[in-house]
S.K.: 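Sending over a structure as structure tokens; questions will come in a sec.
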Amino acid sequence: MSIERIISRQYEIANGISNDIGLPKFKKYAMCNLRGGIGKTTLAFNLSYLTNDLLAVDTCPQGNLSYFFDNQYYSSQAPTVRDLILPYLVPGLGKATRVASYVGATNEYFADKNVYYIPSTEELYLLPSQLITAINQALGLQGAQKEQSLKSILYSLKEEIDREMEQNQLERCLIDTSPFFAGATQLAWYAADALVIPVRTDQQSVKSLELLINTLTSPQSEFRKYLPTNDLKVPQIQMVVLTHCGWSTVSGARNEPNQQTKVYLKKVFDILSRHRTLLSTGDPSNHLFMLDDFLGSGRISSVESKPLSLLHSGETKVIDRVRVSVNKSVDKCKHQLQYINQQLWG
Ligand SMILES: Nc1ncnc2c1ncn2[C@@H]1O[C@H](COP(=O)(O)OP(=O)(O)OP(=O)(O)O)[C@@H](O)[C@H]1O
Ligand SMILES: [Mg+2]
């Protein structure tokens, strides 16, 4: 298997004729890579629209996903993901329940979807130091008490997500994370069964992929060092999604990625080939997907908090006094998103 297979499959996906790869499916995914602006939130938002019975969790202090779901988010007083985590770090705080809210109530495009979300808060910027304080206190305990306390802290978000899913009878979960590992992102890794890793076609996001894999695998990493191997739930890598892909415009070239896309496709493929044990099928070509640059469609989708799947080629909107249009390739992007969605949940 090779990158040629990934590229040729891309043609089939774009035309809606590709077969299911048959990847093992998981219930809870964290969308992560340790770099900003590469498409984590955009992908989380668009995938939320494509499935049902979903709990979306925003663990990024920027709150971009929460804003997509509720444009009043920044002035909202509703309980947040922090209220779920904090009682595990600070003894004596009462536990919050039923924090998830129905997306259809605040985003009209989700009115016929059974999708709930747990909002973020900018106070999550302080969580890394609160988490490390709690971890250090636990490390000061002895024997079984120490292990129990560390597990309770590190699996706090997992515990609360599982409870919210059960209370709302939800089957699936997608957690958006921040570009920094410390704090809620770290807890999201313990909560997730598997990771979805967007990588933009640039050198910095390839570097972040290497950093992420190192954090996942190295025994001394912040992720691994607190728990013995038999207490540690290590998420699999379900997929890397190469975002912002572009295709050759040279006349005669058909289904040929442009030079930049090809370079990064190869780099990511090589990295995954060196870490096959993190992939459930062991074959990197089953876990690497391409997603075209959304161009104007992405801008309109963001400004309107409207899933890309609901946009139509040729529609226009004035953004910052410039007329932006939904580009022709939007149908291809819709197929790509559908395909990615199918490989996550079936
Ligand atoms: N194929 C694509 N996938 C995802 N985003 C895309 C794609 N093409 C264009 N974009 C644009 O790239 C930007 C990605 O921003 P986004 O907020 O999703 O990144 P992020 O990784 O969540 O950043 P942060 O770490 O700061 O939260 C958006 O403006 C989106 O419209
Ligand atoms: Mg984001």
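Fair warning: this is a prediction, and the values are worked out from it, not measured in the lab. We count ligands from 1, going down the list as the structure has it; atoms in each ligand are counted the same way. All values below come from the heavy atoms of this structure, side chains included, with hydrogens, waters and symmetry mates left out.
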S.K.: As an exercise, identify every atom of ligand 1 less than 4.0 angstrom from a heavy atom of Thr243.
M.R.: 1 (N), 2 (C), 3 (N)
S.K.: Going hydrophobic residue to hydrophobic residue with side-chain gaps under 4.5 angstrom, can you get from Met239 over to Ile38?
M.R.: no
S.K.: Mind running side-chain contact (heavy atoms from CB on, under 4.5 Å) on Val326 and Thr316 for me, showing each step along the way?
M.R.: CA-CA 6 Å; Val326 174; Thr316 65; over 6 Å; no
S.K.: Show the numbers, then the answer: is there a ring pair (Phe, Tyr, Trp, His ring centres under 6.0 Å) between Phe68 and Tyr73?
M.R.: CA-CA 9 Å; Phe68 271 126; Tyr73 161 71; over 10 Å; no
S.K.: Would you verify whether the NZ or CZ of Lys233 falls within 45 degrees of the ring axis of Tyr155 while also being under 6.0 Å from that six-membered ring's centre?
M.R.: no
S.K.: May I ask you to check whether Tyr29 and Trp345 place their ring centers less than 6.0 Å from one another?
M.R.: yes
S.K.: Atom 8 (N) of ligand 1: which protein heavy atom is closest, and how many Å away?
M.R.: Phe294 N, 2.9 Å
S.K.: Could an N or O of ligand 1 be found under 3.5 Å from any N or O of Gly39, whether backbone or side chain?
M.R.: yes
S.K.: Against heavy atoms of Pro179, which atoms of ligand 1 measure under 4.0 Å?
M.R.: 25 (O)
S.K.: What protein heavy atom lies closest to atom 23 (O) of ligand 1? Include the residue and the distance to one decimal.
M.R.: Gly37 N, 2.7 Å
S.K.: Looking only at protein heavy atoms, identify the closest one to atom 1 (N) of ligand 1 and say how far it is in Å.
M.R.: Asp292 O, 2.8 Å
S.K.: Taking both backbone and side-chain atoms of Arg299, is any N or O found less than 3.5 Å from an N or O belonging to ligand 1?
M.R.: no
S.K.: Applying salt bridge (Lys or Arg N to Asp or Glu O under 4.0 Å), can you list everything that pairs with Asp331, at least two apart in sequence or on another chain?
M.R.: Lys334
S.K.: For ligand 1, which atoms have a heavy atom of Gly298 less than 4.0 angstrom away?
M.R.: 31 (O)
S.K.: Less than 3.5 Å between some nitrogen or oxygen of Lys40 and one of ligand 1, yes or no?
M.R.: yes
S.K.: Give the residue and atom name of whichever protein heavy atom lies nearest to atom 12 (O) of ligand 1, and the separation in Å to one decimal.
M.R.: His244 NE2, 3.1 Å
S.K.: Walk me through it: do Gln238 and Lys25 pass the test side chain to side chain donor-acceptor pair (under 3.5 Å)?
M.R.: CA-CA 8 Å; Gln238 180 75 346; Lys25 309 293 192 285; over 6 Å; no
S.K.: Closer than 2.8 Å to the Mg ion (ligand 2), how many protein N/O/S atoms do you count?
M.R.: 1
S.K.: If Ile, Leu, Val, Met, Phe, Trp and Tyr residues are connected whenever their side-chain heavy atoms lie under 4.5 Å apart, and connections chain through other members, are Trp247 and Tyr264 in the same group?
M.R.: yes
S.K.: Considering only the protein, which heavy-atom contact is closest to atom 18 (O) of ligand 1, and what is its distance?
M.R.: Thr42 OG1, 2.5 Å
S.K.: For Tyr102 and Tyr117, I'd like to know if the aromatic rings sit close, meaning centre-to-centre distance below 6.0 Å.
M.R.: no
S.K.: Does any donor atom in the side chain of Ser2 or Glu4 lie under 3.5 Å from an acceptor atom in the other side chain?
M.R.: yes
S.K.: Within 4.0 Å of atom 29 (O) of ligand 1 (strictly less), any protein heavy atom?
M.R.: no
S.K.: Consider ligand 1: state whether an atom of it lies below 4.0 angstrom from any non-hydrogen atom of Asp293.
M.R.: yes
S.K.: Using a 4.0 Å cutoff against the non-hydrogen atoms of Ile38, which atoms of ligand 1 qualify?
M.R.: 19 (O), 20 (P), 21 (O)
S.K.: Strictly by modelled atom types, are Thr281 and His287 linked by a side-chain donor-acceptor pair under 3.5 Å?
M.R.: yes
S.K.: Just need the protein heavy atom nearest to atom 26 (O) of ligand 1, so name the residue and atom and give the distance.
M.R.: Gln62 NE2, 3.1 Å
S.K.: Does Trp189 form a ring pair (Phe, Tyr, Trp, His ring centres under 6.0 Å) with Phe181? I'd like the steps, not just the answer.
M.R.: CA-CA 9 Å; Trp189 285 33; Phe181 179 73; 4.8 Å; yes
S.K.: Can the ring centroids of Phe45 and Phe110 be said to lie less than 6.0 angstrom from one another?
M.R.: yes
